[in-house]
Novice: 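This is the structure, below, for whatever I ask next.
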There are 2 protein chains.
Amino acid sequence: MFDPVCPSDLTPIRFGDKWAGMIIRCLEDGPRRFSELRIPLRGVTAKVLTGSLRALERDGLIRRTVCAGPERRVDYELTPLGRSLLEPMAAACEWAEQHWDELLDAREASSLDRTG
Amino acid sequence: MFDPVCPSDLTPIRFGDKWAGMIIRCLEDGPRRFSELRIPLRGVTAKVLTGSLRALERDGLIRRTVCAGPERRVDYELTPLGRSLLEPMAAACEWAEQHWDELLDAREASSLDRTG
DNA sequence: CTGGATCCAAGTTGATACTG
DNA sequence: CAGTATCAACTTGGATCCAG
């Protein structure tokens, strides 16, 4: 799923911490539960995801809602500010896609310098 | 000088490592020497600046040129790829300027939550 | 289910001293 | 001038276990 965003951390552009960019994209289409977020973000532990979510909340990019009811359930959704971030993110993705090959070539060339 | 870029590391958007974004902006108007770069980047040590420059060079964003002559002199300049990064960087800066107040407000609000 | 607590490995940044 | 070497501090991400 996150191939188009940052295939191998190759692009020099990053949004927040390691998971912030992916979290924002996960929330793009509407609110998601804590456990829903853990599915696409394969490998993220609860603690780290909590940390990222708290940071995003502190910056006013997402809103955390504890839903009433018998079952414990917490929803996260983008605030208008968070949603506005999608624009520069799209610009960053476009740049990454356009210059993907050049980035790869540069890495290859510099690794060849070291070996030969 | 770097107030417009990232006044207090408040924006969630980052380019490369801590100094990469500033280095790129320093090279925007043409080649600069190692020691010239150290002026605006107050506080950066030679080792750290070297590390950032090497990383940018490896990614093909800047080119390093050792100038011939009696005095030791090394120039750094943006490659076309590095220059192309100025576009998404401008988009990021624009976003940061437009939403500066909201970011500040969010931080204030969350710090108030903690104190009272 | 949604985290908090604790511990830990790894990476990042920097201070300081030194070199061709 | 343009770095390199070494060491120390801090930050990050994660594993594991525990709790309301």
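Just so we're on the same page: letters track the sequence lines, and every chain starts at 1.
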Novice: Could you give all pairs that pass the salt bridge (charged side-chain N to carboxylate O under 4.0 Å, His left out) test and reach residues 82-96 of chain B, with sequence neighbours left out?
Specialist: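 Counting only pairs at least two positions apart or across chains, no salt bridge (charged side-chain N to carboxylate O under 4.0 Å, His left out) contact touches residues 82-96 of chain B.
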
Novice: Both A/Val48 and A/Arg72 contact DNA chain D. Taking the nearest nucleotide for each, which residue is further toward the 5' end?
Specialist: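 Closest to the 5' end, via its nearest nucleotide, is A/Val48.
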
Novice: Restricting to non-hydrogen atoms, name the atom on B/Trp95 and the atom on A/Ser84 that form the minimum distance, rounded to 0.1 Å.
Specialist: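 Looks like NE1-OG, 2.9 Å.
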
Novice: When the distance from CZ of A/Arg14 to C1' of D/dG13 is rounded to whole Å, what number comes out?
Specialist: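 After rounding, the reported distance stands at 11 Å.
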
Novice: Let me know the distance between CD of B/Glu57 and C1' of D/dG3, rounded to the nearest Å.
Specialist: 13 Å

Novice: Could you check A/Glu77 against A/Arg63 for salt bridge (Lys or Arg N to Asp or Glu O under 4.0 Å), going step by step and ending with a plain yes or no?
Specialist: CA-CA 5 Å; A/Glu77 61 179 330; A/Arg63 176 166 32 246; 3.5 Å; yes

Novice: Which nucleotide, C/dG3, C/dA15, D/dA2, lies nearest any side-chain atom of A/Tyr76?
Specialist: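 Ranking C/dG3, C/dA15, D/dA2 by closest atom to the A/Tyr76 side chain puts C/dG3 first.
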
Novice: Any sub-3.5 Å donor-acceptor pair from A/Asp59's side-chain atoms to A/Leu61's backbone N or O?
Specialist: no

Novice: From NZ of B/Lys47 over to P of D/dT6, roughly how many Å is that when rounded to an integer?
Specialist: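 Going from NZ in B/Lys47 over to P in D/dT6 covers 11 Å.
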
Novice: Go through the steps for B/Asp75 and B/Thr65 under the test side-chain hydrogen bond (donor to acceptor under 3.5 Å, both in side chains), then give the verdict.
Specialist: CA-CA 5 Å; B/Asp75 275 4; B/Thr65 312; over 6 Å; no

Novice: Rounded off to whole Å, could you give me the CZ-to-P distance for the A/Arg38 and D/dG13 pair?
Specialist: 16 Å

Novice: Using whole Å, what does the distance between atom P of nucleotide D/dC10 and atom NZ of B/Lys18 come to?
Specialist: 13 Å

Novice: Nearest 0.5 Å, please: how far is CD1 in A/Ile13 from CZ in B/Arg14?
Specialist: 13.0 Å

Novice: Taking the side chain of A/Asp17 as its heavy atoms from C-beta onward, which of D/dC1, D/dG3, D/dG13 lies nearest to it?
Specialist: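 Nearest nucleotide to the side chain: D/dG13.
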
Novice: It should be established whether A/Arg64 places a side-chain nitrogen or oxygen under 4.0 Å from OP1 or OP2 of nucleotide C/dT2.
Specialist: no

Novice: Atom CZ of A/Arg73 to atom C1' of C/dG3: distance rounded to whole Å?
Specialist: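 Answer to the nearest Å: 16 Å.
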
Novice: Verify the contact: side-chain N or O of A/Thr50 to OP1 or OP2 of C/dG3, cut-off strictly under 4.0 Å; return yes or no.
Specialist: no

Novice: Over its full length, what angle do the end axes of the helix from C/dC1-D/dG20 to C/dG20-D/dC1 make, each axis taken from five pairs and the result rounded to 10 degrees?
Specialist: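 End axes: 40° apart.
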
Novice: Start at the 5' end of DNA chain D and walk down; is the nucleotide closest to B/Phe34 or to A/Ser52 reached first?
Specialist: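 Of the two residues, B/Phe34 wins.
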
Novice: Is the phosphate of C/dT2, meaning OP1 or OP2, less than 4.0 Å from a side-chain N or O of A/Ser35?
Specialist: yes

Novice: What is the distance, rounded to the nearest whole Å, between atom CZ of B/Arg42 and atom C1' of C/dG14?
Specialist: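 Nearest whole value for this atom pair: 17 Å.
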
Novice: Whole Å only: how far is the CG atom of A/Leu49 from the P atom of C/dC1?
Specialist: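 One finds 13 Å between P of C/dC1 and CG of A/Leu49, rounded.
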
Novice: If only atom types and distance count, is the side chain of A/Ser111 paired as donor or acceptor with the main-chain N or O of A/Glu108 below 3.5 Å?
Specialist: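 Between the backbone of A/Glu108 and the side chain of A/Ser111 there is a qualifying donor-acceptor contact (under 3.5 Å).
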
